Participant: 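Let me give you the structure first, and then I'll get to my questions.
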Amino acid sequence: MTIEQLKSAYEVAYQKSATDIFFSPGRVNLIGEHTDYNGGFVFPCALSFGTYLLMAPNNEQKINFRSLNIDAVYSLELTQLTTPLPNKAWANYPLGVIAQFIKRGVSITQGYDILFWGNVPAGAGLSSSAAMEVVTAFAFNELLGTGYDRTELAKIGQASEHEFAGVMCGIMDQFASAQGKKDHAIYLNCDTLAFDLVPVKLEGIKVVISNTHSPHHLDSGAYNDRVRQCQLAVQQISAVRPIKNLAELLQADFEQVEHAITDEVAHRRARHVVGEVQRTKDAVEALQQGNIELFGKLMTQSHISLRDDYEVTGPELDALAEAAWKVEGVLGSRMTGGGFGGCTVSLVRDEAIPTFLEQVGAEYTEKTGLKADFYIAEIGDGAHRVNA
Ligand code: GLA
C-alpha cells in the first residue's frame with residue numbers, strides 16, 4: 001500500500017484525515033541468536049518493511065485502535081490503558097507501550113484514533129510485533145513531547161512485550177526497529193546497550209530471507225523455557241564462579257566451569273550461548289575485513305548450534321537451511337529470530353540466486369509439503385515520521 005492509500009483508508013475508518021504518520025521496521029538478525037537475554041552480542045538489521053501508524057486526536061476520552069491487517073477493533077477509555085486485554089488481543093502490543101509511558105509518570109489526557117498497517121509477514125520471526133511496539137512508542141514520544149531517546153523507546157517496547165504479551169524477550173528486536181540504519185547492521189552489546197552501526201555493503205551478494213510459512217509461536221512457552229534454562233545455568237555456574245550473564249564467559253572460561261551445570265539441557269543451552277557470542281564477534285570482524293566467506297561459515301555454524309544444542313529450529317527451518325547449504329554460491333544460511341518456524345537468512349551470490357530459489361523451494365516442498373517464500377532483504381532505517 002502507498003502512503004496515499006493508507007491516508008484514504010484512515011479516512012474511511014475514521015471519517016477524517018490523519019494528522020501524523022509514523023513507520024517502524026521489522027528486522028532480520030544476521031547472527032547472534034538467543035544471546036540478547038544472556039547479555040551477549042547480536043547483529044541484526046532493520047528491514048525496509050514494517051508497521052505504519054496513522055493517528056489523529058479525537059474529542060472522546062478514548063483511544064481507538066484499528067488495523068488494516070486484522071478485523072478486531074478496540075476502543076479504550078483513557079482510564080483503561082494500564083490493563084492488558086484478554087484473549088491475546090492484538091491491541092495489547094500498542095496498549096502495553098502506552099501503559100509503559102503511564103508507568104513512567106506520563107499522563108495521557110487526550111484521546112486518539114489510531115490505524116495500523118503492516119507489511120512484515122506475521123508470525124515469520126521478522127519482528128512484526130516489535131515493529132508495532134516501537135512505532136507506537138515513537139509516535140507517543142513525538143506527540144507527547146516526552147523526549148525519550150531511541151534506546152529508551154526500545155526498552156519501552158521490550159517491557160510491553162514482557163508485561164502485555166508475556167514473552168520474556170531480550171532487547172534485540174525493539175532495538176533494531178528503533179535504531180536501524182539503511183545499509184547497516186547493528187552490532188549491539190545487549191549487556192551495556194552500546195552499539196556500532198556496521199556498513200553491510202556486499203558486492204555481488206544478496207541477503208535472502210526464506211519464509212517457512214510455518215508460524216513461530218514465541219508465546220508458546222518454548223521461548224520462556226529457554227530463558228529459564230539459561231538462568232538455571234547461570235545459577236549453577238555461580239556456585240563455582242559468580243556471574244551475572246552467560247555471555248560473560250569466553251569459551252575457555254566456560255570449559256573450566258561447565259562441570260557445575262548439572263542439568264543436561266541447561267548445559268547444552270549454555271554451550272550454545274557461549275559459542276554464539278564468540279561466533280558473533282568473529283563474524284563482525286570478518287565482515288569488517290571483507291571476509292564474507294568466513295561470515296557465511298559462521299552463520300551456518302550458528303544454525304547447527306541452534307539446531308543441536310538450543311533446539312529451536314524444527315523440521316521446516318532445518319529443511320530450508322540444509323537445502324540452502326547444498327547450493328553453490330551460498331556462503332551461509334541459518335534460522336533467524338526466535339525460531340520454531342519463521343524464516344532463515346542466507347548470503348547468496350547474485351549469480352546463484354535463480355538456482356537458490358528453484359532448488360531450495362523444490363527441496364523444501366518435497367520435505368515438508370509446504371511452500372516457501374523468498375525475499376531479497378533491503379536494509380532500511382529505524383523508526384521515523386512519514387510526511388502526512
Ligand atoms: C526473539 C526475541 C529476541 C531474541 C530472539 C532470539 O526474536 O524477541 O529478543 O531473543 O528471539 O535471538
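Remember, it's 1-based here, ligands and their atoms both numbered in the order they're listed. These numbers were taken from a predicted model, which means no experiment stands behind them.
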Participant: Does Gln174 have a non-hydrogen atom less than 4.0 Å from ligand 1?
Facilitator: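 Heavy atoms of Gln174 never come under 4.0 Å of ligand 1.
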Participant: Tyr37 heavy atoms, cut-off 4.0 Å: which ligand 1 atoms fall inside?
Facilitator: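 Those qualifying, in numeric order: 10 (O).
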Participant: Would you mind running through ligand 1 and noting each atom that sits below 4.0 Å from a heavy atom of Asp173?
Facilitator: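 Going through ligand 1 atom by atom, the ones under 4.0 Å from Asp173 are 1 (C), 2 (C), 3 (C), 7 (O), 8 (O).
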Participant: Identify, by atom number and element, the atoms of ligand 1 in contact range of Gly170, meaning under 4.0 Å from any of its heavy atoms.
Facilitator: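 Every atom of ligand 1 under 4.0 Å from some heavy atom of Gly170: 9 (O).
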Participant: Is it true that Arg279 and Asp282 make a salt bridge, defined as a side-chain N closer than 4.0 Å to a carboxylate O?
Facilitator: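 Salt bridge absent between Arg279 and Asp282.
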Participant: Give me the atom names and distance for the closest heavy-atom approach of Ser75 to Gln80.
Facilitator: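 Looking at all heavy atoms of both residues, the closest pair is O-OE1, 4.2 Å.
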Participant: Should the ring pair Phe43 and Tyr187 be called parallel, tilted or perpendicular, given that the plane angle runs from 0 to 90° and is split at 30 and 60?
Facilitator: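 Perpendicular: the ring planes of Phe43 and Tyr187 meet at over 60°.
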Participant: I'd like to check which ligand 1 atoms, numbered from 1 as shown, lie under 4.0 Å from a non-hydrogen atom of Met172.
Facilitator: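 Listed by number with element, the hits are 4 (C), 5 (C), 12 (O).
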Participant: May I ask you to say whether Arg268 pairs ionically with Glu264, meaning some side-chain N is under 4.0 Å from a carboxylate O?
Facilitator: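 A salt bridge is present here (some side-chain N lies under 4.0 Å from a carboxylate O).
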Participant: Please could you name the atoms of ligand 1 that Asp36 approaches to less than 4.0 Å, counting only its heavy atoms?
Facilitator: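 Result: 3 (C), 4 (C), 9 (O), 10 (O).
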Participant: Please list, in number order, the atoms of ligand 1 under 4.0 Å from a heavy atom of Tyr223.
Facilitator: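 Those qualifying, in numeric order: 1 (C), 2 (C), 3 (C), 4 (C), 9 (O), 10 (O), 11 (O).
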Participant: Would you call the rings of His267 and Phe254 parallel, tilted or perpendicular, taking 30° and 60° as the class edges?
Facilitator: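 Plane angle under 30°, so parallel.
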Participant: Can you tell me which portion of Met168 lies within the under-4.0 Å heavy-atom range of ligand 1? Options are side chain, backbone, both, or neither.
Facilitator: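 Looking at Met168 and ligand 1, no heavy atom falls under 4.0 Å.
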